Enquirer: 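Quick one: structure below, then a few questions.
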Amino acid sequence: AQSVTQPDIHITVSEGASLELRCNYSYGATPYLFWYVQSPGQGLQLLLKYFSGDTLVQGIKGFEAEFKRSQSSFNLRKPSVHWSDAAEYFCAVVPYTGGFKTIFGAGTRLFVKA
Amino acid sequence: GAGVSQTPSNKVTEKGKYVELRCDPISGHTALYWYRQSLGQGPEFLIYFQGTGAADDSGLPNDRFFAVRPEGSVSTLKIQRTERGDSAVYLCASSQSGNYQETQYFGPGTRLLVL
């Protein structure tokens, strides 16, 4: 079945530590890939996106993500986490079928400890 | 400029009642999307408008849900005979022309509670 999986429901990291949030997808062809962040009281905000080309993409707020076709993964990373990064992170795909439907994963909640 | 706005921010209703949720997209954006986000879940696609027409309504769960965008700007999501399972945050997003490569800008959502 077609799906987007975020294996970690929540993750806790110390401020200043590195972060990696996992995302796997299951689609016949590589979909278009996105990461969004949702902070309390704020709307969803796009962090970065991947369509083709260089498999390492840079986004806003110091985030990056790497597309790995062999693993059907699109993991989000940040070298040094700040307390303000505490939020819910969603991986999303637009299947390569010509439609406009965005499919979101269930999300990973990031907690940052001092 | 102004972002996507949604009204009301919160709505409490009783089972069986009718509700309308409004979305005001960014000015000039022709594409508009509705999503539903249940507690602990990611947003779930409901419907996509290109201009005044619904280009993809495959995510509407049943015929109690209906959405319109009569002038290609403001959109209203209508839910008839509400059920407790309809309780969720309803999100609206807009993008410039609906190209999948474009950024979707999300509103703050309407939190619907059906008692």
Side-chain angles (χ1 to χ4, degrees), chain A residues 2-10 21-25 27 29-53 57 59-61 74 76 87-110, chain B residues 2-7 9-10 23-26 29-51 53-61 67 69 88-111:
Chain A
Q2 298 181 332
S3 65
V4 181
T5 303
Q6 294 182 247
D8 304 304
I9 297 173
H10 56 79
L21 302 181
R22 297 183 291 163
C23 174
N24 293 94
Y25 61 88
Y27 287 87
T30 300
Y32 306 114
L33 299 159
F34 306 79
W35 275 99
Y36 287 84
V37 61
Q38 188 174 40
S39 300
Q42 299 192 20
L44 276 161
Q45 182 180 23
L46 180 68
L47 286 175
L48 48 77
K49 55 191 175 185
Y50 174 77
F51 302 128
S52 64
V57 294
I60 62 171
K61 304 185 180 188
F74 188 56
L76 182 71
E88 185 102 27
Y89 291 81
F90 294 96
C91 181
V93 307
V94 173
Y96 192 62
T97 56
F100 299 90
K101 181 185 299 189
T102 302
I103 312 298
F104 286 82
T108 297
R109 180 163 292 279
L110 173 65
Chain B
V4 177
S5 62
Q6 294 186 244
T7 55
S9 53
N10 292 280
C23 172
D24 218 321
I26 292 173
H29 280 192
T30 62
L32 186 146
Y33 309 78
W34 282 100
Y35 297 86
R36 177 171 68 176
Q37 186 173 19
S38 301
L39 195 62
Q41 299 297 317
E44 173 192 11
F45 170 85
L46 295 178
I47 187 170
Y48 157 66
F49 284 92
Q50 181 56 259
D56 185 347
D57 65 357
S58 62
L60 294 177
R69 195 185 184 199
V89 176
Y90 289 81
L91 299 171
C92 176
S94 71
S95 67
Q96 190 146 14
S97 62
N99 184 308
Y100 65 84
Q101 296 189 10
E102 292 175 348
T103 297
Q104 292 184 34
Y105 295 89
F106 283 80
T110 293
R111 186 175 301 274

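The structure displayed is predicted, hence computed values, not measured ones. Just so we're on the same page: letters track the sequence lines, and every chain starts at 1.
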Enquirer: Is there side-chain contact between A:Lys49 and B:Thr103, with at least one heavy-atom pair below 4.5 Å?
Expert: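 Yes. Closest side-chain heavy atoms under 4.5 Å.
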Enquirer: What's the verdict on ring-ring contact (aromatic ring centres under 6.0 Å, His included) for B:Phe45 and A:Phe104, showing C-alpha distance, side-chain angles and the deciding distance?
Expert: CA-CA 8 Å; B:Phe45 170 85; A:Phe104 286 82; 10.0 Å; no
Enquirer: Need one label for A:Gln38: side chain, backbone, both or neither, based on atoms under 4.5 Å from any heavy atom in chain B.
Expert: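 The answer is the side chain of A:Gln38.
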Enquirer: What option among A:Ala106, A:Cys91, A:Ala92, A:Gly43 has the most heavy-atom pairs under 4.5 Å with chain B?
Expert: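 Highest number of heavy-atom pairs under 4.5 Å: A:Ala106.
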Enquirer: Checking side-chain contact (heavy atoms from CB on, under 4.5 Å) for the pair B:Gln104/A:Leu46: CA distance, chi angles, key distance, verdict?
Expert: CA-CA 8 Å; B:Gln104 292 184 34; A:Leu46 180 68; over 6 Å; no
Enquirer: Taking side chain as everything from C-beta outward and backbone as N, CA, C, O, which of these in B:Gln37 sits under 4.5 Å from a heavy atom of chain A? Side chain, backbone, both or neither.
Expert: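 Only the side chain of B:Gln37 comes within 4.5 Å of chain A.
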Enquirer: For B:Leu39, I'd like to know if atom CG has over 12 heavy atoms of other residues, nucleotides or ligands within 6.0 Å.
Expert: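 No, not enclosed.
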Enquirer: Indicate the atoms forming the closest heavy-atom contact of A:Phe90 with B:Gln41, along with that distance.
Expert: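 So the two residues come closest at CE2-O, 3.9 Å.
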Enquirer: Can you tell me which portion of B:Tyr35 sits under 4.5 Å from chain A's heavy atoms? Options are side chain, backbone, both or neither.
Expert: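 Only the side chain of B:Tyr35 comes within 4.5 Å of chain A.
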Enquirer: Could you look at B:Ile47 and say if it's the side chain, the backbone, both or neither that has a heavy atom under 4.5 Å from chain A?
Expert: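 Neither part, no heavy atoms under 4.5 Å.
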Enquirer: Could you tell me which residues satisfy side-chain hydrogen bond (donor to acceptor under 3.5 Å, both in side chains) with A:Ser39, sequence neighbours excluded, listed by chain and number?
Expert: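 Listed in chain order: nothing, the list is empty.
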Enquirer: Rounded to the nearest 0.5 Å, what separates atom OH in B:Tyr105 from atom CD in A:Gln45?
Expert: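 Here the interatomic distance stands at 9.5 Å.
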